[in-house]
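These notes are about the structure you will find just below.
Values in this document were obtained by computation on a predicted structure and should not be read as measured data. A note on names: the letters A, B, ... follow the listed sequences, proteins ahead of strands, and every chain is numbered from 1.
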Amino acid sequence: MYDVIVIGAGAVGSATARELSRYSGKFLVLEAEEDVCSGTTKANSAIVHAGYDAVPGSKKALYNVRGSEMMEDLSKELDFAYKRIGSLVICRKDQDRSVLEKLLEQGKKNGVRDLRIIERDEIVSMEPNIDDDVVCALYAPTAAIVCPFGMCIAFAENAADNGVEFAFNSGVKQIKKADGHFVIETEKGVFEAKAVVNAAGVYSDVLHNQVSEKKLHITPRKGEYELFDRADGDFVHHTIFQLPSALGKGILVTPTVHGNLLLGPTAEDIENKEGTNTTADGLSQVEKMAALSVKNIPYRDVITSFAGLRAHEDGGDFIIGECEDCEGFFDAAGIESPGLSSAPAIGADLAQMVAEKLSLKKNESFNGTRKGILDPKKLSIEERNELIKKNPAYGQIICRCESVTAGEIIDAITRTLGAKSLDGIKRRTRAGMGRCQAGFCTPRQMDLLEKYAHLTPEEVTKSGGDSVLVFGKTK
Amino acid sequence: MENYDLVIVGGGPAGLAAAISARKEGIQSILVLERDDRLGGILNQCIHNGFGLHTFNEELTGPEYAGRFITQLLDEKIEYRLNTMVMDISHDRVVTAMNSRDGMFQIQAKAVVLAMGCRERSRGALNIPGYRPAGIYTAGCAQRLVNMEGQMPGKKVVILGSGDIGLIMARRMTLEGAKVEVVAELMPYSGGLKRNIVQCLDDFGIPLKLSHTVVNIEGKKRVEAVTIAEVGPDRKPVPGTEERYECDTLLLSCGLLPENELSKACGVELSRVTNGPVVNDSLETSVPGVFACGNVLHVHDLVDFVSMEAKNAGHYAAAFIKNGEETGERIIDMVCDGKVRYTVPQMIRPDDMEETLTVRFRVANVYKNASIVVKAAGKELVRRKKQIMAPGEMEQVVLKKADLASADRVDIGIEEA
């Protein structure tokens with residue numbers, strides 16, 4: 001019997017698991033996919049919102065502002081990429097400037113610091129590629145960008161290092177409450193727990209509705225994106241939003257922490273909770289709308305496109321906390337934007353609620369710092385040579401486009417909750433994430449997975465399950 | 001810091017030929033840096049024949065062709081380092097590289113030859129909509145898996161793009177027991193060599209659908225189906241023409257892109273058309289002492305032409321090392337009419353060039369019974385009628401120094417009948 005089972009190893013589930021590991025107890029994270037960070041957390045805008053968007057008093061406002069304030073310290077404790085670059089919400093000449101003023105007021109009420117409205121001259125000095133029709137903007141210096149993979153993986157690794165168990169390929173089929181505890185039937189067997197945290201993303205309504213009469217309804221809201229070559233990382237210097245609408249914050253243009261340029265997302269409500277396909281219409285809408293923010297977008301440098309699903313609940317706000325009619329069942333449901341920004345604060349709050357419920361004691365041996373995968377690019381030549389002398393694998397480049405060495409990939413495979421697939425390696429090291437999109441390094445990464453994850457070539461996958469890369473030997 | 005007269009970045013066909021040629025011109029201190037674990041570059045995975053008809057008057061496989069050059073390189077005792085990645089080339093020719101044995105090291109070179117080759121356009125760069133499952137490979141990646149790793153990347157295959165590697169892989173996968181359903185090509189003509197269409201598709205009954213593209217990819221984990229559709233003159237899919245193929249693999253052969261990230265970092269000016277360096281008649285880039293050849297300069301159709309071009313690059317690099325930077329040179333442009341998409345070189349030094357100069361180029365469309373026409377200083381220098389010219393095949397003309405003495409530009413174009 002576990003004290004707590006967390007369902008879902010995305011940003012919220014992993015943050016909750018890490019916060020839970022501050023307490024003594026037996027904790028398990030169940031994940032349907034083969035790795036952490038495989039759902040909504042892997043496909044989003046990678047933005048830490050300042051917090052002016054959410055309606056004052058809403059859970060979104062509360063957690064966004066708190067999460068945003070926690071993020072910088074966390075990025076140091078847990079060693080993930082985070083950059084405070086500031087954001088702009090632009091207003092074009094045919095648009096209503098008063099919307100910006102309302103956003104400014106809302107931001108102040110939510111406790112967002114240093115917000116101000118700036119005029120065209122200042123915008124142009126900050127963003128030379130801004131569109132000619134942009135007249136003013138709301139500038140939020142506290143907004144930031146983050147590596148969502150890095151953050152989620154860091155939470156999960158640190159949780160695991162502090163004793164939390166993880167079970168992958170363990171999608172939950174049925175949850176029942178019996179004799180005061182929960183019985184959870186999964187693809188990998190049955191588990192029991194005193195308390196459950198439901199952080200199942202687009203499936204959180206399904207799980208919630210199995211134990212509660214207060215039904216939730218989540219609509220997957222698809223967002224499509226285009227990602228550009230790192231050569232374009234300085235095309236813009238801030239996250240540039242458009243005036244928000246009913247469906248969300250519109251198409252943004254932003255650099256990523258790794259120096260790519262990112263455009264998106266669209267917002268389309270769909271039925272299929274697995275519908276992460278891009279569409280010709282969606283991608284053309286991304287390009288059309290982004291062109292309202294900036295000019296001269298270097299489309300020939302697009303290296304990939306992708307789609308993610310936001311978990312939109314009918315009520316429009318996050319649902320955080322213990323289920324009204326099911327004691328011991330804690331929801332983190334409806335986590336759409338600003339979910340990534342809010343994840344650290346949601347995790348901290350949920351863990352505390354659960355710990356109080358179960359009267360968990362402090363984990364005296366908790367260690368909250370975690371060292372990420374060493375990035376040799378950050379070392380001097382002398383330091384790098386010292387490293388290569390000790391471990392020659394750091395002298396062997398596997399991914400040419402992102403200059404990722406065998407040493408980094410071996411670390412990614414062999415560390416806590418290590419990578420088991422090409423996508424797992426990619427999210428941990430960026431190997432295969434560059435301009436050739438793994439065209440060159442796929443066979444070399446396969447070799448490393450075979451050797452260090454002890455797989456046969458036929459067992460190596462792109463992303464677990466049936467995503468095999470080869471079907472056996474040639475004739 | 002180490003010192004070499006000549007550093008060659010890349011040990012594929014271009015780098016090998018450049019190194020051998022420079023040695024024959026008397027350059028002793030040469031170092032070839034190769035990122036793979038053997039010399040020969042992409043030729044090592046090209047186990048089909050058809051290489052060397054121009055160079056050796058016989059049909060060799062890729063590894064055999066590379067072998068001839070590797071033998072010469074070894075005979076000449078030219079130094080090389082394998083598994084070595086060049087990380088940076090500075091404007092003053094300091095080459096920073098790394099491998100497991102030497103760590104990171106720097107070399108001051110008197111001259112550098114860029115011979116990094118090219119990469120394949122990826123699914124992402126093509127912006128094909130759909131899911132992102134396993135089973136989508138560039139043709140070259142699949143070729144490496146089959147020919148070097150001995151692994152089958154698919155059983156039921158759709159190929160997008162009729163570039164040469166795609167055509168070769170259509171045959172290769174078929175011979176290995178896979179079923180190749182169709183080859184779809186966006187353009188109304190193939191980007192590959194005619195002989196490859198005959199030998200790799202026609203001979204195996206594989207349909208080639210021109211003016212078609214992929215409009216959807218299905219399958220969450222592994223490719224399950226691919227939908228292709230006809231495209232109109234604007235290259236946009238025509239609704240209602242969709243055909244769905246159940247398959248487990250999509251191979252992409254949609255063009256090659258010269259790999260010039262190092263060149264860019266070095267400050268080398270690049271052409272928007274070739275994606276390679278802009279060079280003069282000595283294959284020298286905008287950075288003095290930095291030369292380029294092979295597919296990093298522009299994508300070639302035949303490796304024989306790569307070798308010829310690289311031989312020249314080695315020759316000119318040797319001259320630079322011996323004579324130093326030439327000054328006071330007059331430079332004129334090669335001006336293309338649009339039907340000729342680009343030329344290499346893009347610039348000529350009419351006073352300093354050698355007696356003859358081979359100019360290579362590609363045309364923008366398929367032209368039948370049209371003439372290549374070159375003019376300079378009011379004179380027609382070349383007029384050559386060709387039965388057929390196509391973007392997939394490289395063309396060339398030879399210019400004479402004597403003809404360019406008073407020219408301020410050279411115009412090259414195609415005249416249709």
> Roughly how far, to the nearest 0.5 Å, is CD of A:E386 from CE of B:M104?
Replying inline: 14.5 Å
> So do the side chains of B:M87 and A:I397 get within less than 4.5 Å of each other, counting heavy atoms only?
Replying inline: yes
> Within the side chain of B:Q151, is there an N or O that forms a donor-acceptor pair under 3.5 Å with the backbone of A:P457?
Replying inline: no
> Heavy-atom distance under 4.5 Å to chain A: side chain of B:I128, backbone, both or neither?
Replying inline: backbone
>> Between B:K155, B:M152, B:Q106, who has the most heavy-atom pairs with chain A when the cutoff is under 4.5 Å?
In response: B:M152
> Once you round to the nearest 0.5 Å, how far does OG1 of A:T304 lie from CG of B:N127?
Replying inline: 8.0 Å
> What option among B:A142, B:G177, B:G103 has the most heavy-atom pairs under 4.5 Å with chain A?
Replying inline: B:G103
> Taking A:K389, A:E382, A:E226, A:R300 one by one, which has the highest count of heavy-atom pairs under 4.5 Å against chain B?
Replying inline: A:R300
> Quick one: are B:E149 and A:K473 in side-chain contact, heavy atoms under 4.5 Å?
Replying inline: no
>> Please check: side-chain N/O of A:Y394 versus main-chain N/O of B:S100, any donor-acceptor pairing under 3.5 Å?
In response: no
>> Please report the interatomic distance CG(B:D36) to CZ(A:F440), rounded to the nearest 0.5 Å.
In response: 9.5 Å
> Using non-hydrogen atoms only, which part of A:T405 is less than 4.5 Å away from chain B: side chain, backbone, both, or neither?
Replying inline: side chain
> In terms of side-chain geometry, is the basic nitrogen of A:R400 or B:E261 positioned less than 4.0 Å from the acidic oxygen of its partner?
Replying inline: no
> When rounded to the nearest 0.5 angstrom, what distance separates CZ in B:R132 from OG in A:S463?
Replying inline: 9.5 Å
>> Contact between A:S467 and B:P133 at the side-chain level, heavy atoms closer than 4.5 Å - yes or no?
In response: no
> Is the side chain of B:R222 donor-acceptor paired with the backbone N or O of A:V468 at a distance under 3.5 Å, no angle test?
Replying inline: yes
>> Does A:D466 form a side chain to side chain contact (heavy atoms under 4.5 Å, CB included) with B:K220? I'd like the steps, not just the answer.
In response: CA-CA 9 Å; A:D466 294 328; B:K220 184 91 179 172; over 6 Å; no
>> Can you confirm whether A:K451 is buried at NZ, in the sense that more than 12 heavy atoms of other residues, nucleotides or ligands lie under 6.0 Å from that atom?
In response: no
> Who wins among A:I303, A:T442, A:D301 for the most heavy-atom pairs under 4.5 Å with chain B?
Replying inline: A:I303
> Any side-chain donor-acceptor pair under 3.5 Å between A:Q396 and B:N99?
Replying inline: no
> How far does CD of A:Q437 sit from OH of B:Y137, to the nearest 0.5 angstrom?
Replying inline: 14.5 Å
>> I'd like to know if B:D37 pairs up with A:R444 as an ion pair, taking the criterion as any Lys NZ or Arg NE/NH1/NH2 lying under 4.0 Å from an Asp or Glu carboxylate oxygen.
In response: no
> Which region of B:R172, side chain (C-beta onward) or backbone (N, CA, C, O), has a non-hydrogen atom less than 4.5 Å from a non-hydrogen atom of chain A, or is it both or neither?
Replying inline: neither
>> Please classify the contact between B:N147 and chain A as side chain, backbone, both or neither, with a heavy-atom cut-off of under 4.5 Å.
In response: neither
> Just how far is it from atom CD1 of A:I398 to atom CZ of B:R35, taken to the nearest 0.5 Å?
Replying inline: 13.0 Å
> Are the charged groups of A:E33 and B:K221 less than 4.0 angstrom apart, N to O?
Replying inline: yes
>> Please identify, among A:A406, A:G275, A:A393, the residue contributing the most non-hydrogen atom pairs under 4.5 Å to chain B.
In response: A:G275
> Between B:G154, B:G140, B:G135, which shows the greatest number of heavy-atom pairs under 4.5 Å with chain A?
Replying inline: B:G154
> Highest number of heavy-atom pairs under 4.5 Å with chain B: which of A:L422, A:T276, A:N391, A:L283?
Replying inline: A:T276
